[in-house]
Amino acid sequence: MSEEKQQQQAQGALTSEDIAGFDAAVSANAKTQLTMNLLAKSDVTKLAVNRAHANEVALPHYSVRISKEGKATSQKQSGRCWLFAATNVIRLQLIDKYKLPDDFELSQPFLFFWDKFEKANFFLQNVLDTLNESDGSRLLSYLLQAPVNDGGQYDMFVNIVEKHGLVPKSVYPETAASSGSRRMNWLVTHKLREFACVLRNEAKAGKSVDALQALKKEQMSEIYRILAVFLGQPPQKFDWTFVDTDKKFQRFDGLTPRTFVEQHVDFQVADQVSLINDPRNPYGKLYTVEYLGNVVGGRRVLYINVPIEDLKKYARQTLESDKPVWFGCDVGKFFQRDAGIMDLNVFCYENMFDTSFNMTKAERLVYGESLMTHAMVFTGVDVKDDKTRKWRVENSWGDKNGDKGYMVMSDDWFSQFMYQIVVDKNTLPAEVTAILDQEPTPLPAWDPMGSLAVN
């Protein structure tokens with residue numbers, strides 16, 4: 001090592017005297033000592049709760065609330081939040097139309113099967129499309145990182161529904177692997193990385209494009225078989241029977257997943273558009289993310305970037321029209337899970353640790369401190385003096401937390417950690433929908449706007 005390099009390292013090194021000084025400051029601070037002792041036996045998310053503030057925020061009253069809500073659902077030990085949020089929006093129309101009980105669900109496992117299958121094919125096609133990338137390149141490494149994780153984006157949901165349809169959960173219920181997907185994901189990912197290696201090696205050996213596509217099709221047959229073993233074969237045809245809330249038996253015979261959508265689902269999944277708030281980039285622009293998607297040749301993931309106040313405005317307008325709103329946020333930040341509270345002041349962290357949190361939303365995105373991690377549904381908002389104050393949130397983590405599975409989000413938390421809403425494009429002003437005609441600006445595959453809702 002050069003002398004210059006040694007000097008540079010020495011300039012940044014911490015001495016034993018430095019560390020002794022840090023330790024002495026901790027020992028001399030009575031509040032720090034008390035907090036340290038308390039946390040030795042306590043969970044910080046319980047000990048640090050600002051109880052008076054939490055009680056005020058958690059009051060379950062909203063000036064605007066949709067007329068019908070479903071019973072809280074549970075994605076269990078999986079990252080299917082985006083599928084649960086989307087089906088929780090759609091099911092309300094079916095519950096109303098057919099007088100179904102409030103615990104009616106569409107089959108998330110059915111969508112899960114087809115998303116895994118299509119993602120696998122999307123990944124292998126990306127491998128073929130990037131054969132010029134060197135082994136270990138940043139792009140190839142990124143594509144190999146998590147080819148079939150559980151998460152997704154709303155446009156990916158549209159792709160699955162348009163190609164494969166929907167079914168009631170009674171037709172295609174949960175399995176152990178849909179409820180706890182870790183082992184299935186490991187096995188499928190293992191095979192996909194192996195298949196990627198084979199495809200790249202065969203390409204280096206001079207195989208033609210047609211030969212590589214034929215090989216990929218053989219590989220996908222194996223992936224289909226593995227998924228079917230874990231999740232069950234998805235139905236091609238089925239009868240839908242149920243007893244409504246008037247105790248009347250109903251039957252619809254000979255349905256396919258696609259005719260179920262055509263004949264029974266009035267919600268227009270493809271008419272919905274994604275609005276995001278990304279303060280790093282110019283507003284009023286259309287964005288996409290490279291290599292993000294699930295169905296080869298399907299709908300691209302597109303985002304219209306708008307100021308945060310517009311995100312609030314269009315979410316509020318949708319709720320005021322008695323419709324729920326799919327959204328994506330960074331759920332883990334300042335979230336008290338037991339009470340179901342998302343609020344910047346729900347914890348007394350700054351007081352407990354003698355620190356402060358000073359990054360802006362844009363800075364958190366740039367420095368890896370925040371990104372969208374979870375999808376849920378707005379079903380209400382509290383408005384006072386024409387200003388939004390808090391939001392009612394339908395989660396998919398069961399009914400044990402919050403208000404029987406429904407959470408509350410303060411408006412300040414919305415400003416800092418909300419990233420996306422999905423609304424009907426027909427309700428937006430012309431100047432916003434006109435943005436869809438732009439050629440989208442591509443963000444790199446690893447951009448935080450390419451994160452998948454997976455919590």
Sidechain N-carboxylate O distance under 4.0 Å for [X], [Y]:
X: Glu118; Y: Lys163; value: yes
X: Arg280; Y: Asp447; value: yes
X: Glu105; Y: Arg80; value: no
X: Arg392; Y: Asp382; value: no
X: Lys387; Y: Asp411; value: no

Discussion item. Assess the residue pair Asp150 and Ser78 against the criterion (side-chain hydrogen bond (donor to acceptor under 3.5 Å, both in side chains)); give the C-alpha distance rounded to whole Å, side-chain angles, the decisive distance to 0.1 Å, and a yes or no.
Written reply: CA-CA 7 Å; Asp150 291 355; Ser78 74; 4.8 Å; no
Nearest atoms (heavy-atom pairs only) where [X] meets [Y]:
X: Ile341; Y: Ala54; answer: CD1-O, 3.5 Å
X: Ser370; Y: Asp330; answer: OG-OD2, 2.7 Å
X: Gly405; Y: Ala72; answer: CA-CB, 3.9 Å
X: Pro440; Y: Arg300; answer: CG-NH2, 3.4 Å
X: Val269; Y: Ile90; answer: CG1-CD1, 3.6 Å
X: Leu311; Y: Leu275; answer: CD1-O, 3.5 Å

Within the side chain of [X], is there an N or O that forms a donor-acceptor pair under 3.5 Å with the backbone of [Y]?
X: Trp114; Y: Val161; value: no
X: Asn50; Y: Val346; value: no
X: Ser107; Y: Tyr172; value: yes
X: Gln268; Y: Asp266; value: yes
X: Lys390; Y: Leu59; value: yes
X: Thr189; Y: Trp186; value: no
X: Gln77; Y: Arg182; value: no
X: Asn159; Y: Arg299; value: yes
X: Thr130; Y: Asn126; value: yes
X: Lys31; Y: Asn351; value: yes

Nearest 0.5 Å, what's the [atom1]-[atom2] distance between [X] and [Y]?
X: Met342; Y: Phe417; atom1: CE; atom2: CZ; result: 12.0 Å
X: Asp96; Y: Ser67; atom1: CG; atom2: OG; result: 7.0 Å
X: Ile223; Y: Leu227; atom1: CD1; atom2: CG; result: 6.5 Å
X: Met407; Y: Asn401; atom1: CE; atom2: CG; result: 5.0 Å
X: Met372; Y: Leu365; atom1: CE; atom2: CG; result: 12.0 Å
X: Glu194; Y: Cys197; atom1: CD; atom2: SG; result: 8.0 Å

Item to complete: Look at the rings of Phe357 and Tyr349 and say which category their plane angle falls in: under 30° parallel, 30 to 60° tilted, over 60° perpendicular.
Response: perpendicular
Do [X] and [Y] have side-chain N/O donor and acceptor atoms under 3.5 Å apart?
X: Asp278; Y: Asn305; value: no
X: Ser410; Y: Asp412; value: no
X: Thr379; Y: Tyr62; value: no
X: Tyr303; Y: Gln153; value: yes
X: Ser134; Y: Ser137; value: no

Give a yes or no on whether [X] atom [atom1] has more than 12 heavy-atom contacts from other residues, nucleotides or ligands under 6.0 Å away.
X: Lys384; atom1: NZ; answer: no
X: Lys169; atom1: NZ; answer: yes
X: Lys400; atom1: NZ; answer: no
X: Lys333; atom1: NZ; answer: yes

pair [X]-[Y]: side-chain heavy atoms closer than 4.5 Å:
X: Lys361; Y: Asn277; answer: yes
X: Asp115; Y: Phe157; answer: no
X: Leu92; Y: Ile66; answer: yes
X: Phe347; Y: Gln336; answer: yes
X: Val377; Y: Phe84; answer: no
X: Glu320; Y: Val381; answer: no
X: Ser396; Y: Trp82; answer: no
X: Met184; Y: Phe112; answer: yes

Discussion item. Under the criterion side chain to side chain contact (heavy atoms under 4.5 Å, CB included), I'd like the reasoning laid out for Thr441 against Tyr287: C-alpha separation, chi angles, the key distance, then a yes or no.
Written reply: CA-CA 5 Å; Thr441 299; Tyr287 294 89; 3.7 Å; yes
Does the ring centre of [Y] sit less than 6.0 Å away from the ring centre of [X]?
X: Phe117; Y: Tyr224; answer: yes
X: Trp240; Y: Phe260; answer: yes
X: Phe113; Y: Phe110; answer: no
X: Phe378; Y: Phe414; answer: yes

Item to complete: Evaluate side chain to side chain contact (heavy atoms under 4.5 Å, CB included) for Thr45 paired with Arg337, printing each intermediate quantity in order.
Response: CA-CA 8 Å; Thr45 64; Arg337 183 164 180 158; over 6 Å; no
Item to complete: Before giving the answer on ring pair (Phe, Tyr, Trp, His ring centres under 6.0 Å), spell out for His264 and Tyr98 the whole-Å C-alpha distance, their side-chain angles and the decisive distance to 0.1 Å.
Response: CA-CA 9 Å; His264 299 286; Tyr98 292 110; 5.6 Å; yes
Worksheet item: Going through the checks in order, is the side-chain hydrogen bond (donor to acceptor under 3.5 Å, both in side chains) test met by Lys76 and Ser178?
Response: CA-CA 9 Å; Lys76 302 184 180 178; Ser178 66; over 6 Å; no
Worksheet item: Pick from Leu144, Val127, Val198: which one makes a side-chain contact (heavy atoms from CB on, under 4.5 Å) with Arg193?
Response: Leu144
Practice prompt. Walk me through it: do Asn88 and Thr73 pass the test side-chain hydrogen bond (donor to acceptor under 3.5 Å, both in side chains)?
Written response: CA-CA 8 Å; Asn88 284 344; Thr73 54; 3.2 Å; yes
